[in-house]
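One-based numbering along the sequence shown. In listed order, ligands and their atoms are each counted from 1. Just so you know, these numbers come straight off a predicted model, no measurement behind them.
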Amino acid sequence: MSKYEVTIGLEIHAELNTKTKAFCGCANEYGAKPNTNVCHVCLAIPGTLPLINRAAVEKTIAAGLAIDCKINDIAVFERKHYFYPDLAKGYQISQLEKPICLGGGIKLGTGKFIRLNRIHLEEDAGKLLHNAVSQISLVDYNRGGVPLIEIVTEPDIANATEAVEFLEEVRQRLVYAGVAECRMEQGGMRCDVNISLKPKGAKKLGNRCEVKNLNSFKSVARAIEYEAKRQSELLDKGETISVQTRKWDEGAGKTTLMRDKGEAYDYRYFPDPDIYPIRITDRDVAEIKVAMPKLAHELKTQFVTEFGLPEYDAHVLTKNKLLAHFYLDCVTLLKEPKAVSNWTMVDIGKMMNDANTDVPPVTPAQLTEIIKMAMDKTITKTIGLELLQKVSGDSRKSPKKIAKDMGLLDGVSDAEIKKIFEAVKKDKPALVDDFKNNPQKVLPFIIGQVMKNTRGRAKSEIVEKLAKEFFK
Ligand code: ADP
Ligand code: MG
Ligand code: ZN
């Protein structure tokens with residue numbers, strides 16, 4: 001056992017999914033051609049003035065409500081000064097003294113509570129593109145001015161497992177609240193990890209290192225493990241940890257020094273004179289709260305108490321917001337919660353997995369039409385799955401119509417079934433004696449043969465009745 005305790009605090013950045021940027025009317029859109037979503041304001045042409053995007057403030061409040069924060073009645077924007085080519089103004093509009101949200105937190109599965117310090121709203125910077133071959137760097141300002149929230153925790157996290165669980169919960173809440181997409185591979189959610197070590201049981205926290213800009217949960221976990229080991233080895237040697245900003249090197253699996261505290265920036269924060277403080281009333285907050293979509297844990301409770309689903313089903317269905325809402329829509333169309341859950345979790349889940357997407361491949365109307373046919377035994381499960389594949393990706397296709405065109409909805413005549421019996425008997429004459437001795441043993445085989453030859457259109461009760469007459 002280690003003689004040290006690890007202390008971790010996270011600073012999480014998430015881009016809000018507003019239509020336009022935070023302080024101008026440019027589109028907030030990922031993947032556009034470089035420098036096409038820009039204007040005089042976000043390019044910082046002298047003489048231009050910012051205008052606050054109301055939706056960005058509302059979504060920040062919604063994020064706060066989703067993580068149980070207190071919403072400040074007055075919020076102030078400040079200028080945070082630093083020089084970098086992707087920051088056109090030479091300062092970032094951010095918040096320091098009066099952020100929009102304060103406090104709050106998330107309870108982990110173990111019952112441990114991780115406190116939040118704050119959530120504030122700021123603007124994202126542009127992006128530098130370095131070309132190693134031509135040795136030229138270009139700048140794309142499309143992302144400059146995109147609304148970004150920063151979620152800061154208290155130093156309450158003790159290890160990588162807790163950090164990842166916390167991050168997953170934060171991401172899920174932001175996505176369910178409808179405020180951010182949190183696509184980490186697009187830089188839509190990024191995380192700085194602050195980490196320090198102290199002797200077991202000690203009150204005072206040790207000196208911390210901050211690891212910047214981690215963009216996957218896996219790197220967060222790896223960076224924490226690496227830093228905990230690095231710092232404990234230094235402490236073992238009797239060295240002190242210097243306060244540093246470090247960078248994660250994914251390939252090498254280690255952190256490297258970016259700058260020492262001695263070189264720490266003085267950002268010269270001050271309230272932005274171009275932007276009035278904003279007043280947030282109780283009524284504003286109440287309106288946002290009422291309009292907020294249900295969070296995962298609220299849907300989970302609804303699935304268990306209102307629909308009687310097992311905890312497990314509720315858990316699987318609410319892991320993905322689109323799937324949870326898909327399920328809700330299906331149950332509205334067909335009041336068979338457990339049957340719908342089975343098809344959604346297993347079969348729709350598998351199709352989504354195979355296609356590596358988080359979007360259900362069929363519409364609720366299509367799925368429930370198939371489930372209805374399967375439940376009243378018009379079709380077998382196998383045919384149902386075939387129909388799912390056939391309508392997948394095309395919301396105009398009707399499973400019922402396809403089934404009809406395939407002749408699946410016409411019943412099978414007794415004569416047709418008897419004809420299959422004849423063929424089976426010819427192929428395996430011993431069946432007749434076997435049937436007399438132990439009908440229950442051979443019935444499944446006979447029914448199976450009929451199903452195969454009628455593509456599942458026959459009803460097994462009828463096949464059983466006819467078989468008893470035929471083979472007796
Ligand atoms: P800054 O803005 O300079 O990075 P903050 O005081 O806002 O500093 O802290 C940033 C993050 O670092 C917070 O999540 C906080 O919980 C965490 N933190 C502060 N002190 C420590 C420490 N000694 N060990 C680990 N984390 C810390
Ligand atoms: Mg920091
Ligand atoms: Zn703009």
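- For ligand 1, the polar-atom distance check against P155 finds a nitrogen or oxygen pair separated by under 3.5 Å.
- Between N159 and V6, every side-chain heavy-atom pair lies at or beyond the 4.5 Å cut-off.
- Of the residues listed (R208, R246, R222), the one engaging E227 in a salt bridge (Lys or Arg N to Asp or Glu O under 4.0 Å) is R246, and it is the only one.
- Here K212 pairs with E210 in a salt bridge; the nearest charged N to carboxylate O distance falls below 4.0 Å.
- For ligand 1 and S196, the ligand atoms under 4.0 Å from any heavy atom of the residue are 22 (C), 23 (N), 24 (N), 25 (C).
- Near E210, meaning under 4.0 Å from any of its heavy atoms, are these atoms of ligand 1: 4 (O).
- In this structure, Q231 contributes its side chain and A228 its backbone to no donor-acceptor pair below 3.5 Å.
- Protein atoms of type N, O or S found under 2.8 Å from the Zn ion (ligand 3) total 4.
- Without hydrogens or angle criteria, Q172 side chain to T318 main chain gives a donor-acceptor distance under 3.5 Å.
- Near E154, with a cut-off below 4.0 Å to any heavy atom, the atoms of ligand 1 are 16 (O).
- With contacts defined as side-chain heavy-atom distances shorter than 4.5 Å, the pair F23/K21 does not qualify.
- The distance from ligand 1 to the heavy atoms of L10 drops below 4.0 Å at these ligand atoms: 14 (O).
- Within the 4.5 Å cutoff, the side chain of N194 has no heavy atoms near those of the P155 side chain.
- Residue N194 has at least one N or O atom closer than 3.5 Å to an N or O atom of ligand 1.
- Distances from atom 6 (O) of ligand 1 to the heavy atoms of E11, R208, R118 show the closest one on R208.
- A cation-pi arrangement is not found for K300 relative to F303, the charged atom failing to lie both closer than 6.0 Å to the ring centre and inside a 45° cone about the ring normal.
- Near V152, meaning under 4.0 Å from any of its heavy atoms, are these atoms of ligand 1: 13 (C), 14 (O).
- Set against the non-hydrogen atoms of L205, the atoms of ligand 1 under 4.0 Å away are 22 (C), 23 (N).
- Using a 4.0 Å cut-off between heavy atoms, D192 makes no contact with ligand 1 at all.
- Per-residue contacts place T153 under 4.0 angstrom from the following atoms of ligand 1 (heavy atoms of the residue considered): 13 (C), 14 (O), 15 (C), 16 (O).
- The shortest N or O to N or O distance between G206 and ligand 1 is under 3.5 Å.
- N35 places a side-chain N or O within donor-acceptor distance of the main-chain N or O of Y141, the cut-off being under 3.5 Å.
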